[in-house]
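Each chain gets a letter, A, B and so on, in the order the sequences are listed, and its residues count up from 1. What you see is a predicted model; the values in this text were computed from it and never measured.
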There are 2 protein chains.
Amino acid sequence: MANKHPKQLDALRAAQMYYLQDQTMDAIARELGTSRSTVSRLLSMARESGLVQIQIKTPADRAPELERAIRERYKVEVHVVPVADTLNEIEVLDRVCMQAARTITPLVDSNAVIGVAWGSTLSAVSRHLTRKTTHGTVIVQLNGAGNTQTTGITYASEIIRRFGTAYGAKVEQFPVPAFFDHAETKRMMWEERSVQRILDLQHRMTIAIFGVGSIDSDVPSHVYSGGYLDSTDIDSLEASGVAGDVATVFFRDDGTDAGIVLNDRSSGPSLADLRKIRRRICVVSGTKKIKGLRGALAAGLATDLILDESTARELVEAESASSDPIFGFLNSLEGL
Amino acid sequence: MANKHPKQLDALRAAQMYYLQDQTMDAIARELGTSRSTVSRLLSMARESGLVQIQIKTPADRAPELERAIRERYKVEVHVVPVADTLNEIEVLDRVCMQAARTITPLVDSNAVIGVAWGSTLSAVSRHLTRKTTHGTVIVQLNGAGNTQTTGITYASEIIRRFGTAYGAKVEQFPVPAFFDHAETKRMMWEERSVQRILDLQHRMTIAIFGVGSIDSDVPSHVYSGGYLDSTDIDSLEASGVAGDVATVFFRDDGTDAGIVLNDRSSGPSLADLRKIRRRICVVSGTKKIKGLRGALAAGLATDLILDESTARELVEAESASSDPIFGFLNSLEGL
DNA sequence: CAGCTTTCTGCACGTTTGTGCAATCCGGTT
DNA sequence: AACCGGATTGCACAAACGTGCAGAAAGCTG
């Protein structure tokens with residue numbers, strides 16, 4: 001029809017005709033004066049560039065049993081990702097993270113300050129993000145990623161860079177080690193202005209996105225294997241009865257963190273600071289993380305929880321059969 | 001897999017897997033233990049029941065020329081519906097109204113009070129509404145529909161009933177004639193408590209949805225042909241220089257309504273009252289309505305405008321070539 | 001419980017959609 | 001102008017999808 005068709009405009013037209021008027025791609029192609037295949041490509045462009053937004057709204061009253069149970073018990077917004085229990089761990093992670101990415105995107109607004117942790121879960125999430133145009137959004141790295149072997153920059157920065165690209169946001173790295181060797185060094189670094197700039201940003205976070213580590217995990221998280229901790233550290237964690245971590249900050253089964261010395265050397269935000277953030281999104285895939293997850297929930301670290309179905313089921317069952325049911329009950333009364 | 005599958009839950013699962021995890025229907029069928037065709041049907045259920053919400057977000061800066069021009073000039077949120085100019089009037093109406101229905105739905109919140117007019121446009125919109133679960137929403141008829149031949153109940157009530165069904169809302173009819181024969185009768189009816197109940201509701205409207213009538217329309221709107229007005233009335237309208245109407249309330253080219261006597265006998269809300277509503281959505285299809293549309297825009301009756309592309313184009317051109325070309329030119333200089 | 005109506009399901013078929021590939025276009029460079 | 005590399009297009013084929021239809025299941029009635 002017309003000549004000078006910037007692709008964006010064609011994509012918009014196509015999307016409107018396809019999604020709002022139920023036209024076939026063929027009809028759209030004829031109107032746009034191009035081939036059907038091009039329309040197909042325009043539409044996938046439109047989807048990926050966030051022009052088309054598809055979301056699934058669960059009326060809370062019609063949510064599945066499982067979701068209601070978790071929502072009630074832990075007072076979190078929960079999204080249970082349906083997955084066949086025949087899938088292997090990696091496939092499940094992938095599905096959970098794809099759905100997580102698409103669930104998170106609508107929550108991101110302009111001028112948000114988004115804290116992002118790192119790890120295999122977040123890496124998978126970042127790979128599935130769909131675009132959304134926002135203004136003034138900032139992505140800030142939640143915790144350092146350096147370790148004894150590498151500076152960890154590429155791995156963690158890759159993740160937050162993907163977030164930045166998806167939302168058109170500025171990206172702020174946190175170039176410090178995951179754990180300091182000496183708490184004193186950390187205290188001094190925390191006084192540095194370059195670090196303070198990041199800490200300030202972190203205090204202004206409106207959204208945090210993180211996974212959990214779990215100490216009894218057979219496949220231990222990066223933190224426990226990647227040269228971040230030595231055997232003394234791990235012994236000390238076990239001695240303190242640690243259940244897991246969020247952004248390299250540890251906690252116990254019951255959500256407490258007092259007296260866990262390693263936290264004094266960790267670069268992640270204290271649990272208290274974390275809890276101040278309005279929206280705290282926790283993504284978990286795999287039943288091996290149950291222990292850490294329960295701790296995180298007991299600590300009230302998450303406002304939103306995205307997890308796979310098997311883990312969700314186990315969470316509900318595990319809690320009912322927990323060693324301290326009364327405490328669990330109290331928690332659920334206190335709105336954690 | 002499991003047995004006792006309330007269909008709703010299956011539909012939710014399917015929708016999540018399809019739209020959030022990019023599974024094929026085949027894979028979903030296998031997991032749900034049913035056939036692919038059933039999944040296809042579940043998904044269309046999920047779409048129609050409003051479980052899946054697809055919307056198209058136009059970043060204002062990347063909107064087509066036409067939209068920007070109208071948005072700037074008339075200060076309304078505008079949605080130009082792309083349609084091939086080879087389509088006939090009825091097809092265009094259908095497309096516009098389908099897209100209108102899908103554009104309106106996301107704007108409806110719980111506890112909204114939605115005023116709905118009647119006419120061929122609104123009838124078409126109502127036929128394309130998609131469901132959305134809301135609570136405490138009320139649909140109220142904007143203006144009476146009785147005329148000298150019928151009570152007009154079935155036609156208008158059909159429209160608002162469809163709105164009610166789509167949003168799970170209570171429906172309030174307005175059982176009065178479109179035009180009273182005597183202004184005095186109207187004044188007295190307006191004192192009746194049954195009528196006052198509706199008027200009260202109308203004062204609490206948060207959204208109004210209407211088309212426009214246009215006096216020079218070759219195919220005159222129902223109001224001008226369906227036994228609502230007699231020839232004396234029509235003469236009087238022409239004598240007053242009327243351009244069109246919204247919900248059976250008339251106005252001139254320039255948006256004024258002072259001194260149009262027929263309005264004293266009309267059952268629709270005064271223009272002043274209309275303008276108090278937060279969100280006023282005007283749906284227009286077909287260039288024949290240009291005159292009425294321009295009047296309505298001049299009167300500031302709409303906050304949101306949904307119209308087809310040809311009409312949009314003509315609206316922009318008509319204005320540039322208006323009796324005051326310099327003004328039009330200036331407009332176009334100002335970044336329209 | 002038989003007989004009827006209504007709803008649901010899977011199959012088969014035709015339609016619609018995604019994508020690898022080769023041809024083409026386009027902007028920049030030599 | 002000739003050349004080149006990357007992006008874009010349409011084709012052809014395969015994959016994915018929607019839907020009329022007939023049989024099965026579930027309600028309903030007497």
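As a whole-Å value, the separation of A:Met17 CE from C:dT17 C1' is 17 Å. Atoms CD (A:Gln23) and P (C:dT17) sit 11 Å apart, rounded to a whole Å. Whole-Å rounding puts the A:Asp10 CG to D:dT8 C1' distance at 13 Å. Between A:Met45 atom CE and C:dT17 atom P the separation is 18 Å, expressed in whole Å. Nucleotide C:dT17 holds its C1' atom 15 Å from the CZ atom of A:Arg30, rounded to whole Å. The separation between A:Asp22 atom CG and C:dT17 atom C1' is 15 Å, rounded to whole Å. Atom CD1 of A:Ile28 is separated from atom P of C:dG18 by 11 Å (rounded to the nearest Å).
Between the side chains of A:Ser35 and A:Thr38, a donor-acceptor pair is found at a separation under 3.5 Å.
In this view, B:Glu77 and B:Arg71, B:Asp304 satisfy the side chain to side chain contact (heavy atoms under 4.5 Å, CB included) rule, not counting sequence neighbours. Legend: residues meeting side chain to side chain contact (heavy atoms under 4.5 Å, CB included) with B:Glu172, ordered by chain and number and at least two apart, are B:Val138, B:Val140, B:Lys170, B:Arg197, B:Ile198, B:Leu201. Considering only residues two or more places apart in sequence or on other chains, A:Thr103 meets the side chain to side chain donor-acceptor pair (under 3.5 Å) condition with none of them.
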Would you tabulate the nitrogen or oxygen pairs shorter than 3.5 Å linking the protein to nucleotides 9-16 of chain D?
unit_1 : atom_1 : unit_2  : atom_2 : d
D:dG10 : OP2    : A:Thr34 : OG1    : 2.9
D:dG10 : OP2    : A:Ser35 : N      : 3.1
D:dG10 : OP2    : A:Ser35 : OG     : 2.8
D:dG10 : OP2    : A:Thr38 : OG1    : 2.8
D:dG10 : N7     : A:Arg41 : NH2    : 2.9
D:dG10 : O6     : A:Arg41 : NH2    : 2.9
D:dC11 : N4     : A:Ser37 : OG     : 3.4

Report all interatomic pairs (protein N or O, nucleotide N or O of nucleotides 25-27 of chain D) with separations under 3.5 Å.
none

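Ion pairing between B:Arg13 and A:Glu309 holds under the 4.0 Å rule for side-chain N and carboxylate O.
Here the shortest heavy-atom pairing between A:Leu93 and A:Ser285 reads CA-OG, 3.3 Å.
Side-chain atoms of B:Ser123 do not come within 3.5 Å of backbone N or O of B:Gly119 as any donor-acceptor pair.
Regarding contacts with the backbone of C:dG18, a side-chain N or O of A:Ser40 is found under 4.0 angstrom from either OP1 or OP2.
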A:Arg313 and A:Glu317: CA distance, side-chain angles, deciding distance, salt bridge (Lys or Arg N to Asp or Glu O under 4.0 Å) verdict: CA-CA 6 Å; A:Arg313 201 172 295 117; A:Glu317 286 162 8; 5.4 Å; no
Show me the donor-acceptor pairs within less than 3.5 Å that the side chains of residues 47-59 of chain B make with the rest of the protein, sequence neighbours left out.
unit_1  : atom_1 : unit_2  : atom_2 : d
B:Arg47 : NH1    : B:Tyr19 : OH     : 2.7
B:Ser49 : OG     : B:Met45 : O      : 3.0
B:Ser49 : OG     : B:Ala46 : O      : 3.4

